[in-house]
Amino acid sequence: ARGEVAIVVADAWQQRGVGSALMRELASRCRKVGIREWQAEMLAENEGVQRLLDRFGQLEGRDFPEPGVMKAVYRLRDE
């Protein structure tokens, strides 16, 4: 099964591990209910989000549906 992952971390809380904590919890819950892939849409230049998603999943494919936007599918890593 595939889910869509989306998180927002306020600027004041970025680089403090909040995104990682949220992704860790989302990944755990997804595994419990049988979700094995994530789909995400982001700004193509947002390398921080891409690195975060890479920590929790293997990039399976990506598409650029419009300028500056990337859609990506990640296979969720086992714990």
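Every value quoted in this text rests on a predicted model; they were computed, and no experiment measured them.
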**Q** Which heavy atom of C30 sits nearest a heavy atom of R36, and at what distance?
**A**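 Minimum heavy-atom contact is O-NH1, 4.2 Å.
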
**Q** Atom OG of S20 and atom CD of E25: how far apart are they, to the nearest 0.5 Å?
**A**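 If we round to the nearest 0.5 Å, S20:OG and E25:CD are 13.5 Å apart.
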
**Q** Could you tell me whether R31 atom CZ has more than 12 heavy atoms of other residues or ligands within 6.0 Å of it?
**A**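 Counting other residues, nucleotides and ligands, CZ of R31 exceeds 12 neighbours.
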
**Q** Rounded to the nearest 0.5 Å, what separates atom OG in S28 from atom CE in M23?
**A**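 Rounded to the nearest 0.5 Å, the OG-CE separation comes to 13.0 Å.
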
**Q** Carefully, step by step, assess L76 and I35 under the rule side-chain contact (heavy atoms from CB on, under 4.5 Å).
**A** CA-CA 8 Å; L76 194 58; I35 294 172; 5.5 Å; no

**Q** Give the intermediate values and the outcome of side-chain contact (heavy atoms from CB on, under 4.5 Å) for residues R55 and L52.
**A** CA-CA 5 Å; R55 287 180 46 208; L52 181 61; 3.9 Å; yes

**Q** Between side-chain atoms of residues 56-71 and protein atoms elsewhere (two or more places apart, or another chain), which donor-acceptor pairs fall under 3.5 Å?
**A**
none

**Q** Can you list, pair by pair, the side-chain donor-acceptor contacts under 3.5 Å of residues 37-48, counting residues two or more places apart and other chains?
**A**
unit_1: E37; atom_1: OE1; unit_2: R2; atom_2: NE; d: 3.1
unit_1: E37; atom_1: OE1; unit_2: R2; atom_2: NH2; d: 3.1
unit_1: N46; atom_1: OD1; unit_2: G48; atom_2: N; d: 3.4
unit_1: N46; atom_1: OD1; unit_2: V49; atom_2: N; d: 3.1

**Q** So V5 and Y74, do their side chains get closer than 4.5 Å, heavy atoms only?
**A**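 Y74 does not reach V5 side chain to side chain.
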
**Q** Please step through side-chain contact (heavy atoms from CB on, under 4.5 Å) for the pair I7 and L26, ending with a clear verdict.
**A** CA-CA 10 Å; I7 62 169; L26 282 170; 3.8 Å; yes

**Q** What pairs of residues pass the salt bridge (charged side-chain N to carboxylate O under 4.0 Å, His left out) test when at least one of them lies in residues 3-23, not counting sequence neighbours?
**A**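 Qualifying pairs, neighbours excluded: none.
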
